[in-house]
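Heads up, the thing below is written out as structure tokens.
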Amino acid sequence: MNHKHIQNNLAAYVLGELDSAAAEQIRTHLSDCADCRRTAEEMQNVLRTAERMKAEPLDASLPALARRRLDETIRRLPSASLSDRLSHPLLRYAAAAVILAGALLALHILGPQTLPDRRSLTADTQQTDNEEAAGTLRKELEQAAQAFRKRDIRTLARLLQSEYESTRLAAADYLAQIGDASVLPALDTLARRWTGSGENPYQKAAQTIRNRPAEPAD
Amino acid sequence: MGDEQFHQLVAEYGGRVLAIARRVCGSAEAALDIHQEVFLALWKRRRSFSAPVNWNAYLYRTTVRKALEYVQKQRKEKNLDPEYEKTLSADDNPDNNARAAELLGRLRQALRKLPRHQAQVFILARLEGMDYPQIAKIVGCSESTARVHLHRALRHLAHLMRDVLEREPV
């Protein structure tokens, strides 16, 4: 090996990656070449410093502290974006309800006789044009989904009184799955007011609850 | 990725993220900041991860990158000379002698001057104790490329630290 070749292999030598024959050639060269010897020593010192860096102790309390800081920051984050929320399976219904409302509005424009609830849909659309109202609707839909996850029937019953049809439909659908007799009066009232075509969603929700076998008492 | 999986990742990899950041940056506070930065970015993007992800590679790569960026940024903000690293190491390691602290500081300073892949490979190999196959998976290169990166990194570091290394043997 010539001087240039030795220099190119010094790192491999210092790292112990060369076979014994190649390592011996390097050692022989190093005994005669001060320049390469110095470079090899510098590399070995770098590796020793890295070993010392690797050995620096990590404060045992650090992981718990880091976790607390992270949890706290996440808790303080502004609520997630609409698209983020709607990626949750439980919220897909809510998204569908909003889309349905839009579709029904389009049908209304093309043929008013097909509208299920002209006043409420128009009101929803006008209000959702307003950023603040759109935020309220999003908030209500999220509340409904959270209430469903927590099986919070009282909150879902309250959301049945929302001024937004989308919220009321979402709440009714959730209540059909987890609601009890306490919400039947509110659902019956909404069912009576329903003027849309096709199946009455509030009546269907109330019927589902009535058909559900009563849970045995503890 | 769901919230539950996110929290599992934090539990599984949080310690390693802290350890790398602590070593590369030289302070516990920096390690906390980087831990927060890495996982907060992941939290914000968690819904976008639908396909399987090699979390080990992702988190190692991201942590090393952020740690090197952090040191660079901190140095720029504080407009400090190389002596800064000396004090940074010494602060967290009061028992270390000044010479060792200086060398650690200079190594940190030199690491961030390396090309990114060389710095990544050196950190994974020499501070995390990984072998070439492991490094290749994380960095996204072949094993032979990882080897070349490590050799070059070592040569570069020796060159960058020459003035402090040649004063006296460690």
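Reminder, nothing fancy here: chain letters follow the sequence lines and each chain counts from 1. Nothing here was measured: the structure is a model prediction, and the numbers come from that model.
- In the model, E17(A) has a side-chain atom that pairs as donor or acceptor with a side-chain atom of H151(B) under 3.5 Å.
- At a 4.5 Å heavy-atom cutoff, R152(B) makes no contact with chain A through either its backbone or its side chain.
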message = Does M53(A) form a side-chain contact (heavy atoms from CB on, under 4.5 Å) with R126(B)? I'd like the steps, not just the answer.
response = CA-CA 9 Å; M53(A) 191 182 279; R126(B) 306 309 301 186; over 6 Å; no

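- Around the CD atom of E72(A), the shell of radius 6.0 Å holds more than 12 heavy atoms that belong to other residues, nucleotides or ligands.
- Only the side chain of E51(A) comes within contact range of chain B, judged by heavy atoms closer than 4.5 Å.
- H35(B) approaches R67(A) most closely through the heavy-atom pair CE1-N, 4.2 Å.
- Using a cutoff of 4.0 Å between basic side-chain nitrogens and carboxylate oxygens, E41(A) and R162(B) are not scored as salt-bridged.
- Of all the listed residues (N8(A), V14(A), T39(A), V46(A)), the one sharing the greatest number of non-hydrogen pairs under 4.5 Å with chain B is V46(A).
- Here M43(A) contributes atom CE and H159(B) contributes atom NE2; the two are 11.5 Å apart, rounded to the nearest 0.5 Å.
- Once rounded to the nearest 0.5 Å, the distance linking CG of N45(A) with CG of L103(B) reads 7.5 Å.
- Residue K54(A) comes nearest to L127(B) through the heavy atom pair CG-O, 3.3 Å, listed as atom of the first residue, atom of the second, then distance.
- Residue L70(A) holds its CG atom at 12.0 Å from CD of E37(B), rounded to the nearest 0.5 Å.
- A heavy-atom distance below 4.5 Å is not found between the side chains of R155(B) and L10(A).
- Atom CD of residue Q36(B) and atom CZ of residue R69(A) lie 5.5 Å apart, to the nearest 0.5 angstrom.
- Atom CG in L40(B) sits 6.0 Å away from atom OG1 in T73(A) (nearest 0.5 Å).
- Note: R52(A) CZ to L104(B) CG = 6.5 Å, rounded to the nearest 0.5 Å.
- In this structure, D71(A) and H7(B) have side chains that are in contact, with non-hydrogen atoms separated by less than 4.5 Å.
- The residues R106(B) and E42(A) are annotated as not salt-bridged, no charged nitrogen and carboxylate oxygen being separated by less than 4.0 angstrom.
- Sparse packing is recorded around CZ of R154(A), with 12 or fewer heavy atoms of other residues, nucleotides or ligands lying under 6.0 Å away.
- Heavy atoms of A31(B) lying under 4.5 Å from chain A belong exclusively to its side chain.
- Nearest heavy-atom pair across A28(B) and L62(A) is CB-CD1, 4.0 Å.
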